[in-house]
Amino acid sequence: MRLRRGGLSRKARPDATSESSGPGAAPSPAEAPPRTFVGGVGYTHLRDFSVGPLVAERLAARAREEGWPERVAVGDLSYDPVKIVHWLAGEDPPYQRLVLISAVRRGRPAGSVTAYRWDQSLPEPEQVQVRVAEAVTGVIHLDNLLVVLRQFGAAPRDIAVVEVEPEVEAMGEDLTPAVARGATRAAELARAIALGRGAPDLATSPLGGFASTNGGKHA
């Protein structure tokens with residue numbers, strides 16, 4: 001089942017900036033901390049496929065409670081990717097890093113968490129066209145968002161992805177137990193990446209974290 005959803009993102013305008021050195025490259029330790037947006041991608045009220053928006057909501061609350069630096073903003077990116085392209089293009093100063101959290105079916109054990117740094121490679125042109133068409137018609141999917149951002153030149157050079165393998169796709173508000181545990185791990189990973197506090201050394205991988213020699217980090 002694929003649903004459609006639209007909406008507007010919550011966003012902030014932090015002041016921190018740093019230089020860019022090309023797509024897919026993480027900032028070096030000598031650089032200033034990057035301006036970062038942490039975004040959930042998914043559907044609300046769709047059981048396990050609600051992980052992205054749910055984790056983003058939890059992290060937004062933690063950001064307020066813990067006093068995260070202004071360079072880090074948190075919000076929901078579960079809407080039209082083309083609108084997200086225009087929003088990112090209009091940000092001044094720009095975001096240098098995205099941290100995206102989503103439930104994506106990849107055939108892994110339910111609730112497993114995979115974190116990786118996207119290498120920003122695009123699929124074959126026919127698949128790009130399919131992803132763009134789905135995005136334009138309102139299908140919310142992590143892969144659609146990433147492909148559209150890269151295709152239209154709006155992808156920050158550093159995109160970290162935290163995926164949770166879903167189990168149940170049905171209308172409802174509750175996560176299954178395994179996915180609920182995965183959501184908690186995903187939130188901690190996304191927080192560590194965004195703040196640079198105990199962040200794991202993420203592998204650079206294609207969509208899904210599948211790579212022949214350098215796969216994503218599994219939890």
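When a residue number appears, it is its place in the shown sequence, counting from 1.
Side chain of Gln120 to main chain of Pro156: a donor-acceptor pair is present (N/O by atom type, distance under 3.5 Å, no hydrogens or angles). A donor-acceptor distance shorter than 3.5 angstrom exists from the side chain of Arg71 to the backbone of Pro34, with no hydrogens or angles considered. A donor-acceptor pair under 3.5 Å is formed between the side chain of Ser50 and the backbone N or O of Leu46.
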Could you walk me through whether Val162 and Val55 pass the side chain to side chain contact (heavy atoms under 4.5 Å, CB included) check? CA-CA 11 Å; Val162 182; Val55 170; over 6 Å; no
For side chain to side chain contact (heavy atoms under 4.5 Å, CB included), just list the numbers for Gln127 and Val147, CA-CA rounded to whole Å, side-chain angles, deciding distance to a tenth of an Å, and then say yes or no. CA-CA 9 Å; Gln127 282 301 309; Val147 167; over 6 Å; no
What do the steps show when you test Glu169 against Arg105 for side chain to side chain contact (heavy atoms under 4.5 Å, CB included), and what is the final call? CA-CA 10 Å; Glu169 184 175 11; Arg105 201 181 291 283; 4.1 Å; yes
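Gln151 meets the side-chain hydrogen bond (donor to acceptor under 3.5 Å, both in side chains) test with no other residue; sequence neighbours excluded. Checked against salt bridge (Lys or Arg N to Asp or Glu O under 4.0 Å), Glu126 has no partners two or more places apart in sequence or in another chain. Judged as a side-chain hydrogen bond (donor to acceptor under 3.5 Å, both in side chains), and not counting sequence neighbours, the contacts of Arg106 are Asp143, Glu163. Residues satisfying the salt bridge (Lys or Arg N to Asp or Glu O under 4.0 Å) criterion with Arg62, sequence neighbours excluded, are Glu66, Glu188. Listed by chain and number, the residues in a side-chain contact (heavy atoms from CB on, under 4.5 Å) with Pro177 are Arg181 (sequence neighbours excluded). A search for side-chain hydrogen bond (donor to acceptor under 3.5 Å, both in side chains) contacts involving Thr176 returns Asp48, Glu167, not counting sequence neighbours.
Across every non-hydrogen atom of Ile101 and Ala186, the tightest pair is CG2-CB, 4.2 Å. Nearest heavy atom pair, residue Arg117 against residue Leu202, reads N-CB, 4.0 Å. In plain terms, the two heavy atoms of Ala110 and Ala178 that are nearest each other are O-CB, 3.7 Å. Minimum heavy-atom separation, Gly182 to Val113: O-CG2, 3.4 Å. Here the closest heavy-atom approach between residue Ala135 and residue Val148 is recorded as CB-CG2, 3.8 Å. In terms of heavy-atom proximity, Val74 sits nearest to Ala56 at CG1-O, 3.4 Å.
Of the inter-residue distances, the one linking Arg191 atom CZ with Arg197 atom CZ reads 6.0 Å to the nearest 0.5 angstrom. The line from CH2 of Trp68 to CG of Leu59 is 4.5 Å long, rounded to the nearest 0.5 Å. To the nearest 0.5 angstrom, Arg35 atom CZ is 10.0 Å from Glu70 atom CD. The CG atom of Leu146 sits 9.5 Å away from atom CZ of Arg131, with the distance rounded to the nearest 0.5 Å. Here the CD1-CG distance, from Ile159 to Asp119, works out to 10.5 Å after rounding to the nearest 0.5 Å. To the nearest 0.5 angstrom, Leu175 atom CG is 5.5 Å from Leu54 atom CG.
Side-chain heavy atoms closer than 4.5 Å link hydrophobic residues (I, L, V, M, F, W, Y) into clusters, and following such links, possibly through other members, connects Leu207 to Phe152. Placement of Tyr79 and Tyr43 within a single hydrophobic cluster is found when ILVMFWY residues are connected by side-chain heavy-atom separations under 4.5 Å, directly or transitively. Linking ILVMFWY residues whenever their side-chain heavy atoms come closer than 4.5 Å, directly or via other members, leaves Leu122 and Val130 in distinct clusters. Val168 and Met171 fall into different hydrophobic clusters, where Ile, Leu, Val, Met, Phe, Trp and Tyr side chains are chained together by heavy-atom contacts under 4.5 Å. With hydrophobic clusters built from ILVMFWY side chains whose heavy atoms lie under 4.5 angstrom apart, Val139 shares a cluster with Phe49.
Using a 4.5 Å heavy-atom cutoff, the side chains of Gln96 and Asp158 are not in contact. In this structure, Arg185 and Val164 have side chains that are not in contact, with every pair of non-hydrogen atoms separated by 4.5 Å or more. Pro200 has its side chain within reach of Leu189: a pair of non-hydrogen atoms, C-beta onward, lies under 4.5 Å apart. In this structure the side chain of Leu98 reaches within 4.5 angstrom of the side chain of Leu149, judged on heavy atoms.
Considering Val38, Ile84, Ile140 as possible partners of Leu77, the one that fulfils the side-chain contact (heavy atoms from CB on, under 4.5 Å) test is Ile84. Considering Val41, Val85, Asp80 as possible partners of Leu145, the one that fulfils the side-chain contact (heavy atoms from CB on, under 4.5 Å) test is Val41.
Note: Tyr95 and Phe37 have perpendicular aromatic rings, judged against thresholds of 30 and 60 degrees for the angle between ring planes.
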